[in-house]
Structure formats: structure tokens, C-alpha cells
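What you see is a predicted model; the values in this text were computed from it and never measured. Naming convention: chains lettered A, B, ... in sequence-line order (proteins, then strands); numbering from 1 in each chain.
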Amino acid sequence: MNFAVFSEYLERIEGTTKRLEITAMLGEMFNALAPDEIDKVCYLLLGKIYPDFVGIELGIADALIQRALSIASGLKIEIVSEVLKNEGDIGTCAENVIRQKKQTALFSEPLTIERVYGNLCKIAESTGSGSQDYKLKLIAEMFHDAQPLEARYIARILAGSLRLGIAESTILDALAIVFLKDMEKNVARELLEDKYNLCSDIGLIAKSVKAQGMKGIENIGLKIGVPIRAMLASRAASMEELFDRMGKFAGEYKYDGLRIQAHISNSDIKLYSRRLENLTEQFPDVIRNLRSAFRGREGIFEGECVPIDPDTDEMLPFQEVSKRRGRKYGIEETMKQIPVCLFLFDCLYLDGREYLKNSYLERRKALETAFVETEHVKFSHMKIIEDMAECEQFFNEAISAGCEGIMAKNTGPEGVYKPGKRGFLWLKYKREYKSELADTLDLVVLGAFAGKGRRAGTYGALLTGVYNPEKDTYETICKLGTGFDDATLSQMPQKFATLTVKSRPKNVISKMEPDFWFVPMVVVEVQGAELTISPVHTCGYGIMKEGAGIAVRFPRFTGRWRDDKAPTDATTTGEIIEMYKKQLKRIEERDLPE
DNA sequence: CGTGACTGCCC
DNA sequence: ATTCTGC
DNA sequence: GCAGAATGGGCAGTCACG
């Protein structure tokens with residue numbers, strides 16, 4: 001298919017927000033594609049070229065796309081940046097830039113899906129010295145041959161998202177409608193999803209059903225070594241909600257670490273992340289520990305990988321295990337510095353038997369027969385919770401143990417493992433949801449960043465900070481980009497218009513450069529999960545750690561502007577330092593169970 | 001050879 | 001991760 | 001209630017550049 005035709009389909013889809021219309025148009029396009037195109041198109045629709053678990057990435061985002069546009073158009077990079085800032089979308093930015101250039105373009109080869117996809121593969125494969133130039137050349141070449149509309153979608157694919165309201169689920173809807181016509185619609189959709197959840201490869205699914213309908217996917221099954229899409233938890237607003245939704249339930253500690261799916265076979269063990277990236281190389285210790293704790297022949301299990309202090313065995317902050325993720329060098333040393341404990345919580349497969357459709361307690365039992373606990377492989381702490389008092393106690397124990405909160409899991413027959421789903425069979429209830437324990441801060445708005453997509457034309461995020469009364473300065477502590485509703489967002493530029501200044505006020509200490517600077521004046525209420533040591537924020541710089549400040553983890557707007565507060569009444573650097581120390585103490589003083 | 005911009009992926 | 005919105 | 005799209009801090013790796 002010509003990329004121009006593909007682009008026209010996308011433009012039509014972009015013209016509606018109605019799910020049924022999107023799905024119908026998508027189906028229409030799937031019908032028109034060749035069998036060897038549909039898999040590629042599925043990846044492109046998601047802004048990718050392969051399934052996540054393949055581990056081949058484009059390595060391209062906004063900054064490099066702007067450079068490529070600059071090359072393709074001859075416009076200065078600053079001009080392209082300005083267009084992007086105004087458009088709030090890399091796609092329409094590219095479209096505009098290419099439209100301007102088109103008058104002078106002479107020869108161009110029409111683009112096809114094949115060619116674009118092929119170029120993207122070349123981009124992903126190229127590495128080493130000079131590779132960036134080569135990538136830019138390939139991109140610029142596509143832009144050179146692209147019509148403005150094609151440029152819009154090429155740019156968005158490169159940036160990793162088409163922003164059309166299409167994700168995996170919509171693709172499955174469309175596939176079910178057009179390629180499994182002879183089956184009852186809901187049955188077809190469910191079957192398709194089951195198969196997708198087991199192979200985690202949307203392209204493979206699409207290609208198979210396009211070629212042979214149901215027959216094409218009937219042989220897809222759970223397979224050791226092929227990651228299964230992770231089941232997720234919804235959040236509960238209160239402890240009561242846990243009981244309202246499931247009566248009694250299985251409570252588990254919610255550990256703050258990396259989610260790991262372990263595939264154990266006779267010959268080897270593979271580890272996958274929540275988004276199905278291969279983590280095997282980074283955790284040779286986990287592999288060894290699993291092997292010695294495992295009592296079965298083969299299986300698929302899930303657990304949380306938590307960093308622990310090598311001397312005291314206490315759980316460490318999430319930041320520590322982050323140092324092991326994605327590491328290619330110094331793996332052995334880091335392994336010794338930051339050992340981890342794997343807290344197993346689920347069994348999806350064991351010795352020839354699938355457990356996906358079994359209830360929670362059956363899976364838990366299989367898990368417990370499959371392993372003996374060792375120093376670094378344990379079962380997640382679990383207790384059947386029947387009433388509020390038990391729940392309170394369990395939650396407090398979890399917090400004392402250094403966990404984020406608790407999980408509540410449905411123990412009824414309906415409580416199966418639903419891959420890829422975020423339903424109400426699992427609920428999370430975290431420390432920070434509890435108002436008495438929630439850290440709420442009053443922060444001063446120091447600047448703002450231009451919004452993208454639906455936030456084009458307003459701010460995407462605010463730069464906020466604390467007040468330092470000793471120095472009479474404002475120090476950054478976090479950006480704030482979530483919790484705003486549309487009305488608040490649309491009024492924001494107006495709200496800050498009179499405070500907007502051309503450059504950073506002298507009393508603002510920041511390593512970040514927002515798109516707009518403000519005179520420190522407006523105070524905003526912010527909720528966060530905890531404080532972290534920050535390489536970029538300047539709050540309390542150098543106090544807790546040399547060359548580092550303090551930041552807020554998971555910051556969000558509570559909906560309250562503190563108009564009653566002057567900027568000098570905001571949370572102070574000193575208060576943050578105290579809070580950080582208190583947080584550390586909480587970790588030091590807690591008693592570990594056992 | 002060190003640094004900083006950029007990217008992708010954890011939460 | 002959290003949050004908001006259209007369907 | 002689901003699905004999708006906005007957005008956060010912070011880590012390691014890669015590459016260009018001085």
C-alpha cells in the first residue's frame with residue numbers, strides 16, 4: 001500500500017473520537033492491506049516496529065526528528081522548534097515544515113509502507129560512531145519524499161505514538177470484526193485477546209487471522225520463554241472499598257521493586273519486565289537463586305524484585321534496584337552492591353499445567369509447592385483478610401516492613417489471572433492514599449512547559465519549587481503535570497500571563513529551563529508519594545547528598561490553588577529536609593518481620 | 001577521555 | 001507511576 | 001468502567017563533541 005493511502009486512512013480516523021467509528025475505519029484499512037503488510041502496520045500504529053520483548057528500538061524522539069526536519073527542509077533548527085512549540089504536536093509540526101519546503105522539492109519517489117517500515121528497521125539497526133548522522137539521513141530522505149500528510153504520520157511514528165486513540169485493544173476489536181466474521185462477535189473478540197495475551201505479539205496475531213482466520217491462531221498457546229502480558233491492579237480509594245468490592249480477600253504486601261515474570265525451563269531461566277522487556281542479563285543472581293529454590297521441572301512465575309541492604313537485609317528504596325535495570329556493564333559488581341530479594345506472588349504455569357484460569361488460592365498453592373523459600377527467594381507476605389481490624393493491622397505491618405501498601409486479591413472462582421487486564425480482581429491500596437499519611441506540599445509555581453497533543457496551546461506541566469527563607473530563594477522540587485482538568489488547563493496561560501517574564505528571576509535556583517518563566521507568586525497544593533534524591537532538582541542542594549537535591553515522587557495537583565498563601569508561606573527547604581530525614585528514619589527504625 | 005543531550009523504560 | 005475524558 | 005492520552009522522577013546506555 002502506498003504510504004499516502006495509509007495516511008489518508010489515518011487522517012480519517014483522526015477525524016473522530018467515537019470508538020465504534022475508529023474501529024470500523026481501522027477494519028476497513030485492515031481489509032485493504034496485503035497479508036505481508038498488516039503485521040507491519042499494526043506495529044506502526046503503535047509507534048513501534050517490533051513487539052516490546054524483541055528489544056530493538058528506534059532511538060528517535062522529538063529532538064532528533066526536529067533535526068531531521070531541519071535537514072530535510074533547510075529551515076534552521078530554532079525555526080522548527082518554534083513550530084513544534086506552537087503546534088504542540090511533532091506530527092503537524094512536520095506537516096507544516098514539509099508543506100513549506102514542498103514548493104522547491106523536485107524529484108521524489110512515492111513512499112510505500114514497505115519502504116517506510118524498511119527505513120525504520122535500518123534506523124533501529126544502525127549503531128556506533130556516525131550512526132546518528134546515518135539515521136538523520138534516512139529520516140530526512142523520507143521527509144524529502146513525503147507529502148505533508150505523510151510527514152505528519154511518519155513523524156508521529158518516529159516519536160512512538162500516532163495519537164489516534166488506537167492501542168492494542170482497538171486493533172483486536174477491528175481484527176475480530178473483519179477477519180472472524182463467521183463467529184459470534186464477542187466470542188471472536190475474546191478468543192483473539194486470549195491468544196494475544198499468550199504471545200504478546202499483535203503483528204503475529206493480525207497476520208495470522210488475516211491469512212487464515214481463526215485457524216491461523218488456534219495453535220498459539222502458552223509457551224515457556226514467551227512472555228505473557230502482565231495482569232494489573234486497580235487502585236482503591238479507601239480501605240472500605242477493598243471490602244465493598246470483594247468481601248474477604250487475600251492481602252499481600254505491595255513491595256516497591258521491579259515486577260518480574262520468570263520463565264523456568266530445564267535448560268534455562270528467562271526474566272521479563274512488566275512491559276515484557278527481557279531482563280535476564282541484568283539479574284544473574286536472581287537466575288541462580290531461582291534455580292536453587294525451584295522444586296519443579298518448569299514453570300512461569302511472577303514476583304517483585306526488591307533491593308536489599310547486603311548487611312542488614314532491609315529493603316532499600318526503589319531507586320537502588322533501578323541501578324540494575326538495563327545495565328550492560330559492571331553487572332557482577334552491582335550485583336554484590338545491590339543484592340535483591342524476589343518476592344514471588346503468582347504461578348501461571350507449572351509442570352505441564354496452565355494456571356491462568358485457576359483461582360487465586362489454587363495458583364498460590366501451586367506457587368508454594370513449586371518453591372522452597374531461600375534467603376533471596378521468598379513468597380510475598382500473604383494473609384486472608386476478613387475484617388477491617390485485620391486489614392488495618394496487615395496494612396500497618398506492610399508499612400513497617402517498608403512496603404508501599406497492600407494488594408487485595410479476589411479469592412473467589414472468578415479471581416483468575418487475566419493477562420493484560422487492569423480490573424478489580426486485584427486492588428492496590430497504598431500508604432500515600434491514606435490522608436493521614438499523605439505528604440501534601442504547598443509549592444510555588446516558577447515556570448511552565450508548553451503542552452503537547454490535547455494540551456497544545458496551554459501548559460503541559462508547571463515547574464514548582466519550595467521557598468528557602470535563609471537565602472530568600474526558590475528551589476525547584478518537581479514538575480507538575482497531572483491532576484489538572486481541562487477547564488483548569490485552558491485557563492492557566494491566562495492565570496500566569498501577568499507573571500510571565502522573559503528569563504529566570506534571579507532568586508529562582510534551577511537547573512531546568514522551562515518554556516516560560518514566572519515571577520514566584522502562585523502557590524499550588526501538590527500530593528506526592530515520597531521524597532527522592534534528585535540529580536536535577538535544586539531543593540536542599542548538597543544537603544542530603546553531594547551534588548544532588550530533593551524531588552517529589554509521583555507529584556500531582558490536588559485541585560487546590562493556595563491563593564491564601566504568599567510564596568514565602570510555601571513549604572520551605574528546611575521542612576523538606578526534615579521530611580526527608582523522617583522518611584529515612586522510618587526506614588531505619590522499622591522492625592522486619594521474622 | 002569526560003560531559004551533556006537524548007532516548008527508552010522502570011516506577 | 002497518577003489523573004482526566006469520551007464513549 | 002474501559003481505553004487512551006496527557007503528565008511525573010530517575011536510572012543506564014548511546015552518541016556527538018570538545
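Atom C1' of nucleotide B:dC10 and atom CD of A:Glu57 are separated by 13 Å, given to the nearest angstrom. Taking atom CG on A:Leu271 and atom C1' on B:dC10, their separation rounds to 15 Å, with Å as the unit. Between the CG atom of A:Asn278 and the P atom of B:dC9 there is a distance of 13 Å, rounded to whole Å. Atom P of nucleotide B:dG4 and atom CD of A:Glu513 are separated by 16 Å, given to the nearest angstrom. Atom CG of A:Leu136 is separated from atom C1' of B:dT7 by 14 Å (rounded to the nearest Å). Remark: P of B:dA5 and CE of A:Met512 are 12 Å apart, rounded to the nearest angstrom. The CG-C1' distance, from A:Leu84 to B:dC6, rounds to 15 Å in whole Å. Protein atom CD1 of A:Ile77 is 13 Å distant from nucleotide atom C1' of B:dA5, rounded to whole Å.
Along DNA chain C, the nucleotide closest to A:Thr17 and the one closest to A:Pro555 are compared, and the more 5′ of them pairs with A:Pro555. For the pair A:Ser129 and A:Arg189, nearest-nucleotide mapping onto DNA chain D gives the more 5' position to A:Arg189. Both A:Leu232 and A:Asp485 lie close to DNA chain C; mapped to their nearest nucleotides by heavy-atom distance, the more 5′-ward contact belongs to A:Leu232. Nearest-nucleotide positions on DNA chain D for A:His537 and A:Gln132 put A:His537 closer to the 5' end.
Residue contacts shown for A:Asp52 are absent, as no nucleic acid heavy atom lies under 4.0 Å away. Residue contacts shown for A:Gly528 are absent, as no nucleic acid heavy atom lies under 4.0 Å away. Across all strands shown, A:Phe424 has heavy atoms under 4.0 Å from sugar-phosphate atoms exclusively, and none from any base. Counting any heavy atom pair closer than 4.0 Å across all strands shown, A:Gly130 reaches sugar-phosphate atoms only and no base atom. Residue A:Tyr459 is classed as having no contact, given no heavy-atom separation below 4.0 Å to the nucleic acid. Among the protein residues, A:Arg156 comes within range of no part of the nucleic acid, since none of its heavy atoms lies under 4.0 Å from any strand. A:Lys135 comes within 4.0 angstrom of no nucleic acid atom, judged by non-hydrogen atoms across all strands. The residue A:Val552 sits close only to the backbone: its heavy atoms come under 4.0 Å of sugar-phosphate atoms, none of a base. In this structure, A:Leu489 reaches neither bases nor backbone, as no heavy-atom distance under 4.0 Å exists between it and the strands shown. Looking at heavy-atom distances under 4.0 Å, A:Thr127 makes contact with sugar-phosphate atoms alone, never a base. Nucleic acid contact for A:Thr482: base, since at least one base atom lies under 4.0 Å from a heavy atom of the residue. Looking at heavy-atom distances under 4.0 Å, A:Lys511 makes no contact with the nucleic acid at all. Within the nucleic acid shown, A:Leu20 has no heavy atom closer than 4.0 Å to any nucleic acid atom. Across all strands shown, A:Lys421 has heavy atoms under 4.0 Å from sugar-phosphate atoms exclusively, and none from any base.
Using a 4.0 Å cut-off between a side-chain N of Lys or Arg and a carboxylate O of Asp or Glu, A:Lys270 and A:Glu281 do not qualify as a salt bridge. A salt bridge links A:Lys323 with A:Glu320: the closest approach of a Lys/Arg side-chain nitrogen to an acidic carboxylate oxygen falls below 4.0 angstrom. Salt bridge status for A:Asp173 with A:Arg19: absent, with no side-chain N to carboxylate O gap under 4.0 Å. Electrostatic pairing of A:Asp52 and A:Lys48 counts as a salt bridge here, judged by a charged N lying under 4.0 Å from a carboxylate O. Using a 4.0 Å cut-off between charged side-chain N and carboxylate O, A:Arg259 and A:Glu302 make a salt bridge. Salt-bridge check for A:Asp285 with A:Arg324: passed, with a basic side-chain N closer than 4.0 Å to an acidic carboxylate O. One finds a salt bridge joining A:Asp256 and A:Arg553 here, because a Lys/Arg side-chain nitrogen approaches an Asp/Glu carboxylate oxygen to under 4.0 Å.
Taking the six-membered ring for Trp and the full ring otherwise, A:Phe249 and A:Phe243 have centroids separated by under 6.0 Å. For A:Phe301 and A:Phe345, the ring centers are positioned 6.0 Å apart or more.
In summary, the side chains of A:Lys511 and A:Tyr541 do present a donor paired with an acceptor at a separation below 3.5 Å, with no hydrogens or angles considered. A donor-acceptor contact closer than 3.5 angstrom links the side chains of A:Tyr153 and A:Glu14.
Protein chain A touches strand DNA chain C; the 5'-most and 3'-most nucleotides with an atom under 4.0 angstrom of its non-hydrogen atoms are C:dA1 to C:dC7. With a heavy-atom cut-off of 4.0 Å to chain A, the contacted part of DNA chain D has its first and last nucleotide at D:dG1 to D:dA16.
In this structure, A:Lys495 is positioned above the aromatic face of A:Trp561, its NZ or CZ under 6.0 Å from the six-membered ring centre and within 45° of the axis.
Every residue meeting the ring-ring contact (aromatic ring centres under 6.0 Å, His included) condition with A:Phe395, not counting sequence neighbours, appears here in chain and number order: A:Tyr429. The ring-ring contact (aromatic ring centres under 6.0 Å, His included) test applied to A:Phe283 returns no partner, not counting sequence neighbours.
Inter-residue side-chain proximity for A:Asn197 and A:Glu193 is flagged as met; some heavy-atom pair is nearer than 4.5 Å.
Under the 30°/60° scheme for interplanar angles, the aromatic rings of A:Phe518 and A:Tyr459 are found to be tilted.
For the contact set between residues 324-340 of chain A and DNA chain C, defined by any heavy atom under 4.0 Å, there are no members. For the segment residues 165-177 of chain A, residues with any heavy atom less than 4.0 angstrom from an atom of DNA chain D are, sorted by number, A:Gly165, A:Ile166, A:Ala167, A:Ser169, A:Thr170.
C:dA1 and B:dG8: their C1' atoms are spaced 16 Å apart (whole Å).
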